[in-house]
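Have a look at the structure below, then the notes.
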There are 2 protein chains.
Amino acid sequence: MTTHDYAFNRLRQAIMVGAFRPGTSVTIRGLAEALESSPTPVREALRQLTSIGALQFLENRRIVVPHITPARFEELISLRIALESHAARRAVAHLSERQIQQIAAVDDSIETEIRGGDKVAALIANQAFHRMIYTANPDPVAMPLIESVWLQLGPILGIAMEHVTELYVVDRHREAIEALRRRDEEAVADAIAADIREGIGGFDQQAVARLLRLAA
Amino acid sequence: MTTHDYAFNRLRQAIMVGAFRPGTSVTIRGLAEALESSPTPVREALRQLTSIGALQFLENRRIVVPHITPARFEELISLRIALESHAARRAVAHLSERQIQQIAAVDDSIETEIRGGDKVAALIANQAFHRMIYTANPDPVAMPLIESVWLQLGPILGIAMEHVTELYVVDRHREAIEALRRRDEEAVADAIAADIREGIGGFDQQAVARLLRLAA
DNA sequence: TTTCAGAAAATGTGATCACAAAAAGAGATT
DNA sequence: AATCTCTTTTTGTGATCACATTTTCTGAAA
């Protein structure tokens with residue numbers, strides 16, 4: 001693995017799980033030092049991250065984690081619903097019984113992580129649940145786009161996690177798995193849409209605005 | 001504008017209008033020479049283009065324009081439909097009468113370009129038509145994703161254009177504009193979906209397979 | 001205390017170079 | 001003619017440096 005790949009994956013993962021707050025600025029040399037490398041591969045990684053909306057190069061050449069407004073948040077959630085219900089529908093026909101079994105196992109692991117109280121681990125497991133469904137499609141062209149949206153939601157997700165004391169399960173995963181077993185494409189799509197809407201999407205504009213104020 | 005930006009935009013535009021064929025390999029030094037710059041900014045541009053699916057870094061570190069299979073083509077078209085009908089629906093409420101007028105003007109310019117026989121210009125005008133609708137949304141978070149799909153379709157689009165002798169209009173733009181004027185979100189979404197499906201999406205799998213054979 | 005000008009430091013940019021890996025070519029062998 | 005091996009060339013990678021811009025710091029003036 002190249003230095004560039006390492007830097008890209010490290011940063012990407014950090015942003016995805018909310019380790020950076022909106023508005024945070026990063027420097028090439030700072031990250032290069034932190035990752036014990038040099039500006040060249042780090043700058044490439046940062047440039048790639050801007051391409052997928054995870055970071056932003058401002059006019060004055062500062063590099064920042066994008067700000068999120070309530071309106072933008074709502075756009076991102078509705079985009080998640082459009083993209084992921086589409087990807088789920090497209091994956092149904094390709095899923096084997098064995099794969100559905102594995103997906104159910106990952107769903108169980110989410111509850112385990114929640115009981116363990118590890119928010120980041122629960123989040124990663126939840127993403128794995130969704131990813132396993134969508135990537136059953138042999139041509140998962142939607143997956144990179146979905147991950148781009150996840151990355152853009154990452155920073156506010158980090159803020160939300162800071163202010164959640166009690167973790168509890170609010171998902172439609174069981175419903176989705178049942179629909180997968182029945183090969184019911186519309187039911188799968190509906191379950192995924194509801195899962196997103198009632199999960200992080202369940203934060204209404206006021207709640208998001210409150211979170212963003214707390215972060216500022 | 002930085003050297004990197006110039007390289008990125010040049011390459012991006014070239015791929016978007018089908019100037020590169022699937023499987024074409026590019027070299028950093030080659031492009032650096034062609035663009036009269038050096039490897040560093042070119043490599044950054046190429047890395048960004050891989051992030052959005054326009055290029056691919058292979059295992060052996062070769063950089064190529066991705067191959068397209070009939071199945072992948074079909075996935076990309078259905079993704080276009082899902083993304084763009086969503087974006088169009090979300091834009092309707094934000095469009096002013098004046099903007100709709102401008103969109104209609106761009107639609108006229110498409111026909112002008114087609115009569116002039118300039119395929120690339122017609123293609124660019126067509127993209128402008130779609131872009132103007134989607135970016136009416138003040139938070140056009142879907143637009144970068146849509147352009148990513150356009151980029152991935154670019155290479156096969158270039159092949160298709162090589163084998164089209166006669167240009168003719170097959171679009172639902174008029175229908176979409178009328179629906180915009182009526183503020184009918186569903187009708188707009190349907191018109192856009194039909195426009196994509198009957199346009200480039202109208203190539204069936206056999207036609208695509210034929211095109212790809214011709215390109216090989 | 002606030003404001004402003006100049007100096008110093010920090011930062012992004014891009015060209016260059018050394019290195020390693022991969023590809024291409026040349027020549028011998030079967 | 002085909003295959004293999006060794007050499008040469010090409011190519012991606014990453015560290016470094018010089019430069020220009022931006023930001024931050026410092027101190028004087030209002």
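Lettering of chains follows the sequences in order, A, B, ..., and the numbering in each one begins at 1. These numbers come from the heavy atoms of this one structure, side chains and all, not from hydrogens, waters or symmetry mates.
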Aromatic ring pairing A/His130/A/Trp150, orientation class (parallel under 30°, perpendicular over 60°, tilted between): perpendicular
Integer-rounded Å distance: D/dT13 P and A/Arg43 CZ: 15 Å
Check: A/Gln99/A/His94 side-chain N/O donor and acceptor closer than 3.5 Å: no
Pairwise distance CG(A/Leu79) to CG(A/Leu153) - rounded to 0.5 angstrom: 9.0 Å
N-O pairing of A/Arg90 and A/Glu84 below 4.0 Å: no
Residues A/Glu44, B/Arg47: salt bridge by 4.0 Å N-O rule: yes
Donor-acceptor pair, side chain of B/Ser148 and main chain of B/Ile52, under 3.5 angstrom: yes
Side-chain N,O (A/Thr2) to OP1/OP2 (D/dT13) below 4.0 Å: no
Atom pair distance, as rounded to whole Å: NE2 in A/His4 and C1' in D/dA15: 16 Å
Rounded distance (Å) that lies between atom P of D/dA15 and atom CD of A/Glu44: 11 Å
Atom pair distance, as rounded to whole Å: CD in B/Gln48 and C1' in C/dT13: 14 Å
Any residue of residues 25-40 of chain B with a heavy atom less than 4.0 Å from an atom of DNA chain D: B/Val26, B/Thr27, B/Ile28, B/Arg29
Between P of C/dG14 and CE of B/Met1, the distance in whole Å: 11 Å
DNA chain D contacts made by residues 56-67 of chain A, counting heavy atoms under 4.0 Å: A/Asn60, A/Arg62
Side chains of B/Ser78 and A/His86, donor plus acceptor under 3.5 Å: yes
Gap between atoms CG and C1', on A/Leu46 and C/dG12 respectively (whole Å): 11 Å
Heavy-atom donor-acceptor pair, A/Thr24 side chain to A/Phe20 backbone, under 3.5 Å: no
